[in-house]
Each structure stands twice: as structure tokens, then as C-alpha cells.
**Q** 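Once you've had a glance at the structure underneath, I'll fire off some questions.
Since this is a predicted model, take the numbers as computed values, not measurements. Keep in mind that the numbers below use all heavy atoms, side chains included, and drop hydrogens, waters and symmetry copies.
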Amino acid sequence: MVTRTARPADLPAVLGLVRQHRADAHAEDVLSGHTRLNAAASGFRRLLDDAGHRVVLAVLPGPNAAAGGADGEVAVGLAVLGLDPLSQVLGNPQVTVDTFVVHREYRRRGAGAVLLAAAAAYAQENGADHVVAAVGGHEAERQRFFARMGFAPLTTRRIVGLDSLTRSLAAWQRSGLLVPAPRRAPLRRRPVVRALPTAAVEG
């Protein structure tokens with residue numbers, strides 16, 4: 001099993017892996033089987049051309065695949081690697097694993113490990129000291145895998161649909177709530193220095 005950078009012709013394999021990932025996460029409606037291929041293809045090309053990202057596939061070479069060729073190979077895993085913009089501004093770049101999928105029929109066969117090896121190589125290329133992976137709280141198997149690879153909990157990410165957020169903001173505005181003013185730090189009182197009695201000083 002090897003990894004390689006994805007190419008425009010890999011779009012069907014990538015969509016298949018992403019659909020499986022969405023289904024496993026119980027989010028089938030996010031990417032249905034009726035994806036407009038023209039829109040998906042143009043978006044995929046933009047992602048491949050983005051210098052801040054790299055799309056990596058884990059593949060099983062086919063019996064007819066020549067060196068560097070793709071004849072007969074099977075795509076069994078996908079990782080979308082990126083560079084966190086703020087970490088670059090702060091001078092401490094971090095590599096993000098924004099999407100990480102291994103086909104359910106090829107798990108526990110090394111696909112996840114070779115994808116993380118590609119992420120480590122990408123981090124070295126970009127001078128990054130850390131790799132950050134996004135994992136859903138309900139994805140127990142994925143959580144265990146990343147824990148075995150040394151990943152520690154970092155933060156909790158939440159998601160909201162735009163319609164839901166818009167309704168929440170409208171309700172907040174109707175309630176007349178104002179943005180609370182920042183609290184001022186309490187003034188520190190200077191310690192009172194009391195003079196000792198003369199007798200105590202002369203001791």
C-alpha cells in the first residue's frame with residue numbers, strides 16, 4: 001500500500017470515499033449521491049491547485065500498474081492536508097488533517113498509517129512541528145486510532161447550519177439583548193504600611 005498526491009481524474013474515487021465518511025458520521029445529507037459533477041470537478045481542481053493544501057490518496061497498486069501509473073489501482077484512503085493560517089502568522093506552522101477516510105473494507109491493513117506518514121512528510125516539508133487532526137466525538141474507532149498514534153485531545157469543534165444560525169441571530173436581535181460591555185479589572189488597593197511603635201522598633 002502506497003500514497004500519492006491526488007489528480008483531477010481521481011474525483012470519482014474521492015467522492016466515493018467522502019460519501020462513505022459522511023455516512024459513517026450520520027451526515028448523508030451533506031453530500032448525496034446526486035452531486036453535480038461539473039461543480040464537484042471544478043471545486044476539486046481548485047483544491048488540488050491550492051498551495052495551502054494537499055490531497056493524498058492511499059492506494060493498492062493493481063497488477064497492471066507500471067511504476068508511477070494508476071492502471072488497476074484501488075483507492076482505499078484519503079487525507080486532505082492543510083496549513084493552519086494563524087499558526088503560520090505566529091511563526092509556528094501546524095499541519096491540519098481536515099479529512100481522513102479509510103474505506104471500511106480496508107481498515108486495519110495499514111492505510112491509516114501510510115496516510116499519517118504522508119502528513120508527517122508534509123509537515124517536514126513545511127517546517128511544521130505539529131500535526132492536528134479533526135475527529136468527531138462520536139467516532140470511537142477513529143479516536144482510538146489517533147490516540148494509538150500519539151494524538152492528544154486539543155479542542156472541541158461545533159457545527160451549525162446557516163439557516164439555524166440565522167434564526168438564532170434573529171431571535172437574539174429581537175430579544176433586545178445588548179452585547180455586554182467588557183468588564184474592567186478591579187482596582188487593586190495599595191497595601192497600607194503601618195509604622196511600628198517606637199518601643200517595638202527599639203526592642
Side-chain angles (χ1 to χ4, degrees), residues 1-28 30-31 33 35 40 43-44 47-48 50-63 65 67-85 87 92-159:
M1 192 175 300
V2 298
T3 58
R4 65 169 175 82
T5 302
R7 301 185 283 264
D10 294 317
L11 176 62
V14 168
L15 288 179
L17 288 167
V18 172
R19 287 193 186 102
Q20 178 198 289
H21 174 62
R22 301 295 192 188
D24 290 346
H26 305 289
E28 295 91 340
V30 178
L31 182 62
T35 304
F44 187 51
L47 178 61
L48 295 181
D50 185 352
H53 288 87
R54 179 177 298 173
V55 182
V56 177
L57 287 176
V59 299
L60 288 171
D71 292 339
E73 71 178 13
V74 179
V76 299
L78 165 71
V80 179
L81 312 177
L83 290 170
D84 178 70
S87 70
N92 184 24
Q94 295 179 349
V95 164
T96 59
V97 184
D98 298 313
T99 301
F100 188 89
V101 187
V102 174
H103 194 285
R104 60 176 67 93
E105 295 181 7
Y106 293 92
R107 291 171 186 168
R108 299 181 180 86
R109 294 173 59 178
V114 297
L115 288 172
L116 284 186
Y122 185 69
Q124 291 176 343
E125 291 175 24
N126 290 278
D129 292 329
H130 294 88
V131 176
V132 181
V135 186
H138 61 285
E139 299 175 296
E141 183 179 5
R142 196 184 303 263
Q143 293 276 9
R144 288 193 294 269
F145 170 74
F146 280 104
R148 286 197 303 270
M149 290 296 178
F151 286 72
L154 177 63
T155 186
T156 298
R157 301 176 69 182
R158 293 179 177 270
I159 187 171

**Q** For residues 109-124, dump all side-chain donor-acceptor pairs below 3.5 Å to protein atoms at least two apart in sequence or in another chain.
**A**
none

**Q** Can you tell me how far the CG atom of Leu81 sits from the OG1 atom of Thr99, to the nearest 0.5 Å?
**A** 9.5 Å
**Q** Using a 4.5 Å cut-off on heavy atoms from C-beta on, say whether the side chain of Val132 contacts that of Leu154.
**A**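 With C-beta onward as the side chain, the pair touches.
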**Q** About how many Å separate CG of Asp10 and CZ of Arg4, when rounded to the nearest 0.5 Å?
**A** 4.0 Å
**Q** Identify the two heavy atoms, one from Ala6 and one from Phe44, that lie closest to each other, and give their separation to 0.1 Å.
**A**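 So the minimum-distance heavy-atom pair works out to CB-CZ, 4.1 Å.
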**Q** Between Val76 and Val102, does the side-chain contact (heavy atoms from CB on, under 4.5 Å) criterion hold? Intermediate values first, please.
**A** CA-CA 6 Å; Val76 299; Val102 174; 5.8 Å; no
**Q** Check this for me: does any side-chain nitrogen of one of Arg104 and Glu141 sit under 4.0 Å from a carboxylate oxygen of the other?
**A** no
**Q** Please round to the nearest 0.5 Å and tell me the distance separating atom CZ of Phe145 and atom CZ of Arg107.
**A** 11.0 Å
**Q** To the nearest 0.5 angstrom, please state how far the OG1 atom of Thr96 sits from the CG atom of Leu83.
**A**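 Answer for the OG1-CG pair, Thr96 versus Leu83, is 7.0 Å.
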**Q** Ignoring hydrogens, what is the shortest heavy-atom contact between Val59 and Ala75? Give both atom names and the distance.
**A**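 For Val59 and Ala75, the tightest heavy-atom pair comes out as CG1-CA, 4.0 Å.
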**Q** Nearest heavy-atom pair of Phe146 and Val135: which atoms, and what distance?
**A** CD1-CG2, 3.5 Å
**Q** Could you point out which residue of Thr3, Val14, Val74 forms a side chain to side chain contact (heavy atoms under 4.5 Å, CB included) with Leu57?
**A**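 Among Thr3, Val14, Val74, the one meeting side chain to side chain contact (heavy atoms under 4.5 Å, CB included) with Leu57 is Val14.
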**Q** Under the 3.5 angstrom rule, does the side chain of Arg54 hit a backbone N or O of Thr5 as a donor-acceptor pair?
**A** no
